[in-house]
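Written out below as structure tokens is the structure these notes cover.
All values below were derived from every heavy atom in this structure, side-chain atoms included, with hydrogens, water molecules and symmetry-related copies excluded. These figures come from a predicted structure and were not determined experimentally.
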Amino acid sequence: MNLNEIIEKWPKESKEAAQLVIDKYGDPDELADSVLIWNHVGPWKRMVAYRDFDKHDFPYPHNDSVESFIDYDVPIDKFDDLAAFDGSVVANRTRGELSARCHDEEANNLALNLANDMIQGSKTVREARDYYAYEFLAYREKKSTPYMNSLRFRSTGKGDPDKSLLSDEQIKEAIEKGKDKK
């Protein structure tokens, strides 16, 4: 199946959002019936356009169907703040990734820039949410939107594989006990 055949079957909302990414970055690197994936385009580690979209009411009702990923190690004590800020911003501690899922790349820039501000301590959750709404309106009014133009920080992340609670010896013993029970 080719790209046009795939997105032709998508809902209008998802098709429009995917087309914005195609227009900017060209054909995806990977495609399936429900997803298109671009690797290492623009500032992104990965961009994903989804057939299935999420209805999202913050800061105004819209549909989330394009997700932008960056390398970013989010401190554990900031996960609650991210969740309170915007449910479409997701941190993956193990991979060292941060992503935002919205209608377009500009909104993802906005969400990730504000997430970074909160993580760095320059904005509270409330301030970040208020600024998101402010810049969202400014964008609609064709005013300056510095947080939507591009990422305002450097994307870095190594991931955190966490720490083992079990020793190799404990695992070996458990395997042996399991064999004895067969």
Side-chain angles (χ1 to χ4, degrees), residues 1 3 6-7 9-11 14 17-18 21 25 27-58 63-103 105 107-126 128-129 132 151 153-182:
M1 203 177 260
L3 177 59
I6 289 172
I7 64 170
K9 297 177 185 175
W10 286 19
S14 301
V21 182
Y25 294 115
D27 289 351
D29 297 313
E30 303 173 44
L31 53 134
D33 286 342
S34 62
V35 67
L36 307 175
I37 302 171
W38 292 260
N39 295 304
H40 306 288
V41 292
W44 311 114
K45 178 178 185 177
R46 178 173 67 258
M47 284 192 80
V48 180
Y50 301 92
R51 174 191 63 210
D52 300 330
F53 58 86
D54 299 318
K55 183 174 174 1
H56 192 195
D57 290 338
F58 172 75
N63 298 307
D64 290 349
S65 61
V66 173
E67 190 167 14
S68 302
F69 294 80
I70 58 172
D71 288 319
Y72 196 107
D73 291 325
V74 175
I76 294 169
D77 65 338
K78 297 296 183 176
F79 275 65
D80 287 347
D81 286 347
L82 285 177
F85 164 59
D86 184 346
S88 294
V89 174
V90 177
N92 184 316
R93 178 177 156 204
T94 304
R95 286 186 175 176
E97 289 182 342
L98 185 63
S99 69
R101 183 172 173 170
C102 202
H103 176 267
E105 183 175 19
N108 290 344
N109 281 332
L110 174 59
L112 291 172
N113 282 323
L114 290 167
N116 181 67
D117 283 357
M118 288 179 352
I119 291 165
Q120 299 305 316
S122 64
K123 282 190 177 37
T124 65
V125 171
R126 175 85 268 148
R129 287 178 65 83
Y132 196 115
L151 292 179
F153 60 94
R154 247 186 95 199
S155 161
T156 60
K158 298 180 189 92
D160 179 4
D162 213 338
K163 304 204 179 358
S164 178
L165 294 178
L166 304 171
S167 68
D168 289 343
E169 194 57 41
Q170 288 174 305
I171 297 296
K172 288 178 187 173
E173 286 178 27
I175 291 170
E176 288 304 317
K177 285 180 184 177
K179 287 180 183 176
D180 292 343
K181 291 186 179 185
K182 285 186 178 180

Which is it for L82 and M118 under the side-chain contact (heavy atoms from CB on, under 4.5 Å) test, yes or no, and what are the steps along the way? CA-CA 8 Å; L82 285 177; M118 288 179 352; 4.0 Å; yes

After noting the C-alpha distance and the side-chain angles of T156 and D73, does the key distance pass the side-chain contact (heavy atoms from CB on, under 4.5 Å) rule? CA-CA 7 Å; T156 60; D73 291 325; over 6 Å; no

Would you please test V21 and W44 for side-chain contact (heavy atoms from CB on, under 4.5 Å) and show each step? CA-CA 12 Å; V21 182; W44 311 114; over 6 Å; no

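To the nearest 0.5 Å, the span separating OG on S68 from CG on N109 amounts to 7.0 Å. Note that the CG atom of L166 and the NZ atom of K172 stand 13.5 Å from one another [nearest 0.5 Å]. With values rounded to the nearest 0.5 angstrom, N116 atom CG is found 9.0 Å from L151 atom CG. Put simply, CZ on F58 and OG on S88 are 9.5 Å apart, with the number rounded to the nearest 0.5 Å. Separation of atoms CG (N63) and OG (S14) is listed at 7.0 Å; rounding is to 0.5 Å. A distance of 12.5 Å separates CD1 of I7 from CG of D33, quoted to the nearest 0.5 Å.
Residues satisfying the side chain to side chain contact (heavy atoms under 4.5 Å, CB included) criterion with I175, sequence neighbours excluded, are I171, K179. Looking at residues two or more places apart in sequence or on another chain, you find a salt bridge (charged side-chain N to carboxylate O under 4.0 Å, His left out) between D54 and R101. Residues passing the side chain to side chain contact (heavy atoms under 4.5 Å, CB included) test with K78, sequence neighbours excluded: V74, P75, D81, I119. For Y132, the side-chain hydrogen bond (donor to acceptor under 3.5 Å, both in side chains) criterion is met by no residue, not counting sequence neighbours. Judged as a side-chain hydrogen bond (donor to acceptor under 3.5 Å, both in side chains), and not counting sequence neighbours, the contacts of D71 are K45. Every residue two or more places apart in sequence or in another chain that forms a salt bridge (charged side-chain N to carboxylate O under 4.0 Å, His left out) with R126 is listed here: D130. With sequence neighbours left out, the side-chain hydrogen bond (donor to acceptor under 3.5 Å, both in side chains) criterion links N113 to no other residue. Residues passing the salt bridge (charged side-chain N to carboxylate O under 4.0 Å, His left out) test with D117, sequence neighbours excluded: K123. S167 pairs by the side chain to side chain contact (heavy atoms under 4.5 Å, CB included) definition with E169, Q170, not counting sequence neighbours. Shown here are the side-chain hydrogen bond (donor to acceptor under 3.5 Å, both in side chains) partners of K55, two or more places apart in sequence or in another chain: D57.
Inter-residue side-chain proximity for I70 and S99 is flagged as unmet; no heavy-atom pair is nearer than 4.5 Å. At least one side-chain heavy atom of L98 sits less than 4.5 Å from a side-chain heavy atom of V89. The shortest distance between side-chain heavy atoms of P43 and R154 does not fall below 4.5 Å. Within the 4.5 Å cutoff, the side chain of M47 has no heavy atoms near those of the F69 side chain. Proximity of V66 to N108: side-chain heavy atoms (C-beta onward) are separated by under 4.5 Å at one or more points. Contact of the P11 side chain with the R51 side chain is registered, since non-hydrogen atoms from C-beta on lie closer than 4.5 Å.
Evaluation of the ring pair (Phe, Tyr, Trp, His ring centres under 6.0 Å) test over residues 72-103, restricted to residues two or more places apart or in two chains, returns Y72-F153.
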Side-chain donor-acceptor pairs under 3.5 Å in residues 34-42, sequence neighbours left out?
residue	atom	partner	partner atom	Å
W38	NE1	G26	O	2.8
W38	NE1	D27	O	3.4
N39	ND2	E30	OE2	3.2

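Note on D162 versus R93: salt bridge recorded, some NZ/NE/NH1/NH2 to OD/OE distance being below 4.0 Å. Between R46 and E97 there is a salt bridge, with a side-chain nitrogen of the basic residue lying less than 4.0 Å from a carboxylate oxygen of the acidic one.
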